[in-house]
Trainee: 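Before we start, here is the structure in question, set down as structure tokens.
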There are 2 protein chains.
Amino acid sequence: MQKNFDCDKCFDAPEAIFSLLKPEQKEFVRERHSCVFYKKNDVIFKEEDEPIGLLVLCDGKVKVFREGVGRREQIVRMVKPYGLMGFRALFAEENHIATAVALEDAIVCIIDKDDLMKLIRENSDFAIGLMRSLATDLGFSNRRTVALTQKHIRGRLAESILFLKDTYGLEDDESTIKIFLSREDIANLSNMTTSNAIRTLSTFASEGVISITGRKIKITDMKKLERISSLG
Amino acid sequence: MQKNFDCDKCFDAPEAIFSLLKPEQKEFVRERHSCVFYKKNDVIFKEEDEPIGLLVLCDGKVKVFREGVGRREQIVRMVKPYGLMGFRALFAEENHIATAVALEDAIVCIIDKDDLMKLIRENSDFAIGLMRSLATDLGFSNRRTVALTQKHIRGRLAESILFLKDTYGLEDDESTIKIFLSREDIANLSNMTTSNAIRTLSTFASEGVISITGRKIKITDMKKLERISSLG
DNA sequence: GATATTTTATGCTGAAAAACATAACAAGCC
DNA sequence: GGCTTGTTATGTTTTTCAGCATAAAATATC
């Protein structure tokens with residue numbers, strides 16, 4: 001865990017939450033923030049930890065999961081660059097209820113709790129931006145609850161593949177998903193056992209819906225994949 | 001749907017969100033709000049509706065559910081007096097993704113979208129209060145996702161019973177849950193079929209964990225119920 | 001580059017829960 | 001009261017999926 005990496009992108013990118021800050025607030029954040037580098041597989045925060053502030057993912061990919069029955073993990077969120085982490089617990093005034101792990105090397109920009117509250121109090125647009133983020137996540141979580149409980153294995157897996165595509169996008173070939181997950185992570189995202197993730201992925205491949213090369217997933221029949229997902 | 005009922009409680013109760021408003025803001029809300037009465041089984045808002053503002057439940061009980069595969073409904077939230085509804089979609093800038101139905105006669109206090117935004121911009125404590133509500137709901141939803149997907153039927157039903165107890169409380173006898181749901185609603189809350197809800201409830205009764213009289217559920221062995229819930 | 005470890009692949013078995021069927025019972029309505 | 005409609009109850013069948021076992025392949029470690 002090294003300090004003071006470059007996270008200029010987080011201040012400049014229009015999708016980033018800091019774009020809502022006033023110039024003098026940006027300066028304040030530049031001075032006060034810290035920037036932390038995490039290696040692949042590093043834990044960023046874990047269940048029961050006390051929230052320290054707002055974390056902005058500058059670079060990399062992160063999974064956020066919760067451990068359930070028999071320590072089995074269920075991924076509740078996937079974070080992409082400029083995504084926010086760790087502040088839900090802060091506002092709910094409780095400790096973290098999930099664990100965040102870097103899926104590849106990541107740079108995270110951290111704003112301390114008190115500084116964050118100061119920014120919110122000074123700038124209602126910034127506050128509304130954070131509310132928007134919470135509201136979007138809540139919508140996602142509610143949709144997910146229903147999909148994971150009601151859809152059958154094939155539907156759940158198809159939905160997860162589409163979700164990964166929507167979140168991380170596609171390579172230049174316009175079909176390869178820009179994230180490489182282990183079969184176990186795919187299973188933990190889709191609420192199934194690893195065996196079933198492997199089995200169902202190869203069924204999809206044999207049906208010509210996707211093609212697999214190692215951890216690389218290529219969507220070869222989007223229409224069919226969407227049909228499988230929506231039919232459940 | 002009649003207008004102008006009494007919803008003074010929403011302004012006076014310390015648990016209500018309006019307690020965070022400044023005196024002149026309270027006056028503003030008193031003037032501008034509308035108060036609507038819903039009969040049992042009335043739809044308050046439904047999936048795909050455009051959000052109109054912030055809804056505060058002054059009196060009654062409400063279920064919020066989402067329709068999934070084959071129109072099967074999954075209850076994502078239960079609202080009790082002073083609970084908030086309908087503003088998640090507003091902040092996420094999308095239409096409602098769930099339907100709210102009154103489980104018994106209800107009084108709802110409505111603040112228009114623009115008025116709400118004005119209050120938020122003027123008062124950061126109020127904004128933070130709303131953030132807290134979103135953050136708490138998101139935590140609940142994430143916990144729920146994992147519980148509903150990983151626990152077995154008995155665990156899910158036990159958890160739902162405990163959840164209903166925590167949300168609506170107990171009668172004076174300190175064991176009867178203060179809400180009466182149909183078996184179908186209990187099933188939709190616990191992610192199971194109505195048959196299984198009925199079957200498992202009577203198993204619990206025969207095991208002495210609960211006792212049932214019609215729709216009235218009495219918890220007779222709290223420890224055991226908690227054990228069933230946590231073991232999954 | 002040889003060995004250990006993890007990940008992926010696939011078959012088989014049994015448990016869990018959904019689906020279906022039927023009936024008793026209660027409630028609202030003419 | 002008698003009728004319809006909705007809810008609750010319980011038994012039977014079928015489907016889905018988890019659990020387990022084993023092996024091959026890929027990756028990491030020394």
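All figures in this text were calculated on a predicted structure; none of them were measured in a lab. Note on naming: letters A, B, ... go to the chains in the order of the sequence lines (proteins, then strands), and numbering restarts at 1 for each one.
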Trainee: Looking only at side-chain atoms of B:R215, point me to the closest of C:dA17, D:dT7, D:dC17.
Mentor: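 Of the options given, the side chain of B:R215 lies nearest D:dT7.
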
Trainee: Hey, are B:R143 and B:E159 close enough for a salt bridge, meaning a charged N less than 4.0 Å from a carboxylate O?
Mentor: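 Salt bridge: no.
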
Trainee: Within the 4.0 Å heavy-atom criterion, would you say B:R154 contacts the bases, only the backbone, or no part of the nucleic acid?
Mentor: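 Nothing, no nucleic acid heavy atom in range.
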
Trainee: Tell me the interatomic distance from A:N191, atom CG, to C:dA17, atom P, rounded to whole angstroms.
Mentor: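 It works out to 13 Å between those atoms.
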
Trainee: Are a donor atom and an acceptor atom from the side chains of A:S211 and A:T220 found within less than 3.5 Å of each other?
Mentor: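 No, no side-chain donor-acceptor contact under 3.5 Å.
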
Trainee: Could you check whether B:D173 and B:T176, counting side-chain N and O atoms only, form a donor-acceptor pair closer than 3.5 Å?
Mentor: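 B:D173 and B:T176 do have a side-chain donor-acceptor pair below 3.5 Å.
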
Trainee: Could you state the atom-to-atom distance from CD of A:Q74 to P of D:dA18 in whole Å?
Mentor: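 It is 11 Å, rounded to the nearest whole Å.
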
Trainee: How many Å lie between CZ on A:R183 and P on C:dT10, as a whole number?
Mentor: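 Nearest whole value for this atom pair: 10 Å.
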
Trainee: Is any side-chain nitrogen or oxygen of B:T193 closer than 4.0 Å to OP1 or OP2 of C:dA18?
Mentor: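 For B:T193, the contact criterion (side-chain N or O under 4.0 Å from OP1 or OP2 of C:dA18) is met.
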
Trainee: Atom CD1 of A:I212 and atom P of C:dA9: how far apart are they, to the nearest Å?
Mentor: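 The answer, rounded to whole Å, is 6 Å.
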
Trainee: Could you state the CD-P distance from B:Q150 to C:dA16, rounded to the nearest angstrom?
Mentor: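 Distance check: B:Q150 CD to C:dA16 P gives 17 Å.
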
Trainee: In whole angstrom, what separates A:N196's CG from C:dT13's C1'?
Mentor: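 Distance check: A:N196 CG to C:dT13 C1' gives 14 Å.
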
Trainee: What's the CD1-P distance between A:I186 and C:dT8, to the nearest Å?
Mentor: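 From A:I186 CD1 to C:dT8 P: 8 Å.
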
Trainee: Check whether A:E47 reaches the backbone of A:E67 with its side chain - one donor and one acceptor, N or O, closer than 3.5 Å.
Mentor: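 Pair found, side chain donor or acceptor close to backbone of A:E67.
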
Trainee: Please write out each protein N/O paired with an N/O of nucleotides 11-15 of chain D under 3.5 Å, distance rounded to 0.1 Å.
Mentor:
{"unit_1": "D:dG11", "atom_1": "N7", "unit_2": "B:R199", "atom_2": "NH1", "d": "3.2"}
{"unit_1": "D:dG11", "atom_1": "O6", "unit_2": "B:R199", "atom_2": "NH2", "d": "3.2"}

Trainee: Identify which nucleotide among D:dT10, C:dA17, D:dA18 has an atom closest to any side-chain atom of B:R156, counting heavy atoms from C-beta outward.
Mentor: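 Closest of the options to the side chain of B:R156: C:dA17.
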
Trainee: Return the value, rounded to whole Å, for the distance between atom CZ of A:F180 and atom C1' of D:dA26.
Mentor: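 Rounded to the whole Å, the gap is 16 Å.
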
Trainee: Using the side-chain heavy atoms of A:I198, tell me which of these nucleotides is nearest: D:dT10, C:dA17, C:dT10.
Mentor: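 When the side chain of A:I198 is considered, C:dT10 is the closest of D:dT10, C:dA17, C:dT10.
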
Trainee: Using a strict cut-off of less than 4.0 Å between a Lys/Arg side-chain nitrogen and an Asp/Glu carboxylate oxygen, indicate whether A:K80 and A:E15 qualify as a salt bridge.
Mentor: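 Salt bridge: no.
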
Trainee: A cation-pi test, strictly: NZ or CZ of B:R144 under 6.0 Å from the centre of the six-membered ring of B:F163 and no more than 45 degrees from its axis. Yes or no?
Mentor: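 Judged by the rule, B:R144 and B:F163 form a cation-pi pair.
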
Trainee: Do A:T193 and A:N196 meet the criterion of a side-chain donor-acceptor pair at a distance under 3.5 Å?
Mentor: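 The criterion, which ignores hydrogens and geometry beyond distance, is satisfied for A:N196 and A:T193.
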
